[in-house]
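Counting starts at 1 for both ligands and their atoms, following the listed order.
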Amino acid sequence: MILNTELEHKGNLVPARIVSYRKNVDSLFFTCANNVVLQLTVRRDSVLRFRYSTSGNFEPDFSYAISKYASRGYNQLDVVEEKETYKVTTKKLICHISKADLRVAIFDSADNSVLCEDELGFHWEESYQFGGDIVKMSKSSHDGESYYGLGDKPVDINLKGKRFENWVTDSYAYTKETDPIYKAIPFYIGLNHKKAYGIFFDNSFRTFFDFCRDRRNVTSFWAQGGEMNYYFIYGPEMSQVVSRYTDLTGKPHQLPPLWALGYHQCKWSYYPEKKVMEVANKFRQLSIPCDAIYLDIDYMDGFRCFTWNKEYFPDPKRMVSELTDIGFKTVAIIDPGIKIDSNNPIFKEGLEKGYFCKRADGPYMKGKVWPGECYFPDFTNPKVREWWAELYKELIEDIGIKGVWNDMNEPAVMDVPGKTFPDDVRHDYDGNACSHRKAHNIYGMQMARATYQGLKKYSYPQRPFVITRAAYSGTQRYTSTWTGDNVATWEHLTIANIQTQRLAMCGFSFVGSDIGGFAEQPTGELYARWIQLGAFHPFFRTHSSGDHGDQEPWSFGKSITKIVKKFIELRYQLLPYMYTAFWRYANEGIPMLKSLVLFDQNDVHTHYRNDEFVVGEKILVCPVTEPNARGRRMYFPYGDWYDYWTHELVEGGQELWVDADLDSMPVFVKAGAIIPKYPIQQFVGEKKIEQLKLDVYFNLGKDDSQLYEDSHDGYDYIKGRYSHRIFTLTGKQNSLTLQQVKTGKHFSSYETMEIKFIGLPFKITSVELNGEAYDHKSNKTNGSSIIFPTDFSDIVITGVPEQKNPS
Ligand code: GLC
């Protein structure tokens, strides 16, 4: 007979005193008297992993987030037992583990300054409802400490004073502060006394983060199940934290085809075929560059994935080929829900093979999405992913679709509370069977991964292009992303700007927003301002829900069309610059968009700046986010900056007013930068690049710039067929030297470079090329640039200082 119905262990439980310690290669195990074990693994001198078990046994070590290519190895690992602590030292960090209660404090080994210390540290509550634990961690927060990261949160850049939840959620028309939305990226960066560190809580259950909201000096994070399993990633530079986190969770597996960095046009939906062709042709008629056109769900037969509505699209292969002829790549949407329909071979096959998700007690997971009632593939099963990849064969290989757009993969379910699967749905989780509580946040990621595998196989020898809405940490390895169903408001323009910066600092640089807003209709002014911002985002696409009028570059009258065209053209000129930034991201994990704090964390003025950001390494932009503005105030980080439009020089470290009528936007180039440009093309590959333009922005002293190129598609670059140029500019009062070092086996299509010198403090008198006099006068263009052979190694320009008018 049971009389006592009270829980025995209520509330928080904590580790007891450490009773034993053992070391196994790079992992240290600290066991407490109550069976709590801390496994501390040294992955790199600057990356430590902390994993806690409350029962003495760890779960099988499995993560969808961690890349198999992540760097490992350290230069030093010493463990010293002291009276009250164990002291673990690497080349970069010192970590104290308290014997009394397992609390951890981490210090910079260079100067012993404290970086991050446990408050209560690890603690937990038993989860009576589901089994296992609700695992928790709390850290002391220091005065002046700031917090950044967490993926797509639509809030100001600095997260201090706020609490967040990570649970991937379909969030139509979300607003500023809506939480959670589409992505779960449980990674944040702390900036404490000019030193930055990151914490990646690799737990796919519903997680929470509190940055000094509950208690002023405490930052905490917890999960509704699984293990307390987090990585501490040291900088001290924020950019190092980001690139180390990106290394850990993976860089994009390959570069995108260059066309994917061009402009994309989308709408829900362009149909029938005539409409699609009309839109595509209009771009060409108006000479507005565009590389991709999208087919939203109406291309399908009753929204059944992998089918075509033959009334609207009688011959998709022909249409796609006609689009290809005028330079358009066709991207098609594919959602996860498979309509319950025994005449649908995909449904039948999925059913026969047992590939659909089931409820805990056996029935299939049935949910309503666009096609009506559906079953959903369990993308956490590797066999299902293989099957899904194969389903793309016809679409890609036969019909010629060049990119796939995965949507509704939170997974979104209509007409149910919670908008998704119930908790009890079962998943394979790559052999670690579990409920939806654990698999929810990674479901969309695994769908995009399967799609990526299909595209990679069937697009070969071309590169795959995938876009996903839902994501967990690591999804950037496979796909690009966008910020979901936003709204055509000025506030959303601001939100899009912050979200893209935030995703970029969370390892996910290939990101953009629905330009102009998905829901509702923008004014021409808002659309123009949004295109201006989008031109600097890695993923550059207009998309709208289509039920409120048109949203094409020409939909808002002639004057707006002109502005939109100007900025899309600017993007096409900057393609080599953007591609180089992508290469650095894919190669070194360097984010393509840098919030000001990431660009210069030492300047406290940057810690709360939302609007300004640096694209690549050298271009500073600040979108205009208010109506009727003829300019705005913006903050210039440290350094000297040239106005892109007027070439006026501005000194950094101050906030200034910048003029920006509707046909302009504040864009600045760092002094000393060398910006490569291509001629304007209507689509990537339209023209053979006969000449590269280099805009050289004078600076006193030495500065490096880079240019990466390859054949813009295919995999030859992996075999060394790329060209990487490092330009070094040395500026003096009366001379400028430009040196070039090129590596790689790719031959550029151009033989000459047109170099424009901006901001020279002297009048050119002589020019030398590779140590010999160069006739610059006869190689001068009308626009005062000078033509040089592409593979120059040194150019020296000398002159006499400009005379200042005697006052
Ligand atoms: C979702 C997507 C949106 C798409 C629509 C129809 O709302 O977020 O981009 O157009 O579904 O497929």
Side-chain angles (χ1 to χ4, degrees), residues 152 154 168-175 178 180-183 264-271 275-276 279 292-309 312-313 330-339 367-372 374 376 395 401 403-415 419-420 443-445 447-448 451 465-471 475 479-488 492 495-496 499-500 503 511-522 530 534 537 539-552:
D152 63 347
V168 172
T169 304
D170 178 8
S171 309
Y172 173 77
Y174 58 96
T175 59
T178 303
I181 58 168
Y182 300 94
K183 295 172 180 72
H264 302 215
Q265 183 67 38
C266 186
K267 177 182 178 161
W268 178 18
S269 295
Y270 289 130
Y271 71 92
K275 181 71 193 174
V276 178
V279 172
I293 189 148
Y294 282 59
L295 300 177
D296 204 328
I297 49 175
D298 295 282
Y299 81 86
M300 302 176 194
D301 172 19
F303 308 133
R304 289 169 187 82
C305 290
F306 305 101
T307 64
W308 289 84
N309 178 320
Y312 299 149
F313 297 96
T330 311
V331 180
I333 196 167
I334 289 287
D335 290 348
I338 302 294
K339 189 177 171 73
K368 206 175 135 200
V369 215
W370 304 123
C374 289
F376 300 83
L395 213 51
I401 295 292
V404 173
W405 171 21
N406 280 167
D407 186 27
M408 306 293 276
N409 52 349
E410 289 70 30
V413 179
M414 293 165 177
D415 303 337
K419 303 193 251 184
T420 191
Y443 183 87
M445 173 196 198
M447 179 193 184
T451 298
F465 172 69
V466 182
I467 167 167
T468 180
R469 193 170 71 175
T475 309
T479 165
S480 64
T481 191
W482 88 107
T483 57
D485 295 345
N486 58 6
V487 188
H492 260 280
I495 296 175
Q499 285 181 297
T500 44
L503 278 156
V511 55
S513 64
D514 281 353
I515 292 173
F518 177 73
E520 300 174 20
Q521 191 171 30
W530 212 316
H537 283 163
F539 180 59
F540 183 25
R541 179 183 81 161
T542 291
H543 180 42
S544 66
S545 63
D547 52 5
H548 51 59
D550 293 339
Q551 207 157 300
E552 286 90 39

> When you look at Glu552 and Tyr270, which way does the side-chain hydrogen bond (donor to acceptor under 3.5 Å, both in side chains) test go after all the steps?
Replying inline: CA-CA 11 Å; Glu552 286 90 39; Tyr270 289 130; 2.7 Å; yes

Below 3.5 Å, can you tabulate the donor-acceptor pairs from side chains in residues 296-304 to any protein atom, sequence neighbours excluded?
| unit_1 | atom_1 | unit_2 | atom_2 | d |
| --- | --- | --- | --- | --- |
| Asp298 | OD2 | Trp268 | NE1 | 3.4 |
| Asp298 | OD2 | Ser269 | OG | 2.4 |
| Tyr299 | OH | Ile333 | O | 2.8 |
| Arg304 | NE | Asp341 | OD2 | 2.8 |
| Arg304 | NH1 | Asp301 | O | 3.0 |
| Arg304 | NH2 | Asp341 | OD2 | 3.3 |

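- Using cut-offs of 30° and 60° on the angle between ring planes, the pair Tyr294 and His264 is tilted.
- Contact shell of ligand 1 (protein heavy atoms, cutoff 4.0 Å): Trp268, Asp296, Ile297, Ile333, Trp370, Trp405, Asp407, Arg469, Trp482, Asp485, Phe518, His543.
- Using a 3.5 Å distance cut-off with no hydrogens or angles, the side chains of Trp530 and Ser513 do pair a donor with an acceptor.
- No side-chain heavy atom of Val276 sits less than 4.5 Å from a side-chain heavy atom of Tyr271.
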> Yes or no on ring-ring contact (aromatic ring centres under 6.0 Å, His included) for Tyr174 and His492, after CA distance, side-chain angles and deciding distance?
Replying inline: CA-CA 9 Å; Tyr174 58 96; His492 260 280; 5.1 Å; yes

